[in-house]
Protein chains: 2
Amino acid sequence: MGMGRPRAFDADAALDRAMDVFWRHGYEGATIAQLTEAMSINPPSLYAAFGSKEGLLKAALDRYTEKRDAWMDKVLNAATAHEVAERFLMEHADAQTDPANPPGCLLVQGGLACGTGSANVPFELAARRTRTEDQLRERFLRAKAEHDLGESVDPATLARYLSAVTSGMCVMASSGANRETLREIAAVSLKAFEEQTKG
Amino acid sequence: MGMGRPRAFDADAALDRAMDVFWRHGYEGATIAQLTEAMSINPPSLYAAFGSKEGLLKAALDRYTEKRDAWMDKVLNAATAHEVAERFLMEHADAQTDPANPPGCLLVQGGLACGTGSANVPFELAARRTRTEDQLRERFLRAKAEHDLGESVDPATLARYLSAVTSGMCVMASSGANRETLREIAAVSLKAFEEQTKG
DNA sequence: AGATATCTGTAGTGTTTACTACAAATGTGG
DNA sequence: CCACATTTGTAGTAAACACTACAGATATCT
């Protein structure tokens, strides 16, 4: 028995195109027509490969997470907690204003509030944001064990603070804030981090 | 000549209901059917009073801004820049987790990215967010003139930082962060503010 | 080569969307 | 009480939406 006609498009390349559309217009604002055009495929190919619009989003998010993990590894591998925070903030400022991508971050631009038919999309995005926060907390926990951070420091608070600041930078980037502006915010935030780790 | 049949609903009360729907589902996620049901009116009444879905959003935003201005007055009337920052952050933590409203802030939940047919909605929301930032900057400029803030302090940076943090708190509130968590973030942010105003 | 399994492109499907025509209702001014 | 101006409820409309039936194309395996 045969194995069927092979797929004529590269799924990962197509996902990169879809990612861009979701990023720019949000989940609900992105239409199947826009997605298929960007991916250079027809609707049946999209549905055969990803099942549904939401399935496509999840696949795109998986790919996004893949890239983000590689990026986070470099951040988390910094020697000290302070340097982790600095890299995290500054790399975010740069990434969110990278002209190669739409402004901001897909995990925020994708949609914070959706219609009743897409109610779980915001949850899906929130879960992926939480992942980043978890990674930071784990790293700061390790820093505490290594006596890089003091006993009185709460890793969860630090992680949440950094997560909140970068989410806020997302919002500002989406409304046109430039790289310098975001770096400025990152620099001020880093001072709070320093102050928090002293106490 | 007569003045026509009078309107049978209270426009401001109806706008409060519409605000809630936009807040909970975003601009694109909110349907006319949901809006008319929440407002307890029929579509023709909605369109006669507000022109279009986008017109309704703007009217709801005007009402939101009205309430927000009253709230900001109390914040801006604090004696010192430090107290302004403290009130701004803490009041935001409370407001964004007020059970009387959907979580987060309408100006962020409304929609950061929209479809091509609603492309100016994100701009409309961004403009209103900028207004708050402008108010803060003006207040810090005054603080500088009053020697409450030092010569080397940049009011624009301070305002942008606070704006970024509260936007980030919005994102976290929308994904379920509770009041204590937001207050914690506010407290850490306030330290950055203090540190920034010392330098 | 033949049978089989999957993909591709065309051309749709039913549903939901924002929005509205129209006639009845209800007020004001003369 | 009557002409007029505006609102209200019913019942839609055209367009856009996510999604798919189907037939032809293209590969693999025996």
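Here is how names work: the chains are called A, B, and so on, in the same order as the sequence lines, proteins then strands, and each is numbered from 1. If you're wondering where the values come from, they're calculated on a predicted model, not measured in any experiment.
Evaluated for a ring pair (Phe, Tyr, Trp, His ring centres under 6.0 Å) with F193(B), the options F88(B), Y161(B), F140(B) yield exactly one hit, F140(B).
Of the charged side-chain nitrogens involved, none lies within less than 4.0 Å of a carboxylate oxygen, so that K58(A) and D62(A) do not count as a salt-bridged pair.
For D148(A) (side chain) and K144(A) (main-chain N/O), no donor-acceptor pair under 3.5 Å exists by modelled atom type. One N or O on the side chain of T36(A) and one on the backbone of I32(A) form a donor-acceptor pair closer than 3.5 Å. For the pair R63(B) (side chain) and D12(B) (backbone), a donor-acceptor distance under 3.5 Å is present.
Under the 6.0 Å distance and 45° angle rule, R24(A) does not count as a cation-pi partner of F22(A).
Taking only side-chain atoms of T31(B), from C-beta outward, the nucleotide of dA18(C), dT7(D), dT6(C) with the closest atom is dA18(C). Distance from the side chain of P6(A) is smallest to dA27(D) among dC29(D), dA27(D), dT6(D).
Rounded to an integer number of Å, the gap from CZ of R5(B) to C1' of dT8(D) is 5 Å. Between the P atom of dG9(D) and the CZ atom of R7(B) lies a distance of 13 Å, rounded to the nearest Å.
Residues from residues 32-61 of chain A lying near DNA chain C, meaning a heavy-atom separation below 4.0 Å, are N42(A), P44(A), S45(A) in numerical order.
Judged by closest nucleotide on DNA chain D, G4(B) is the one of G4(B) and E28(A) placed further toward the 5' end.
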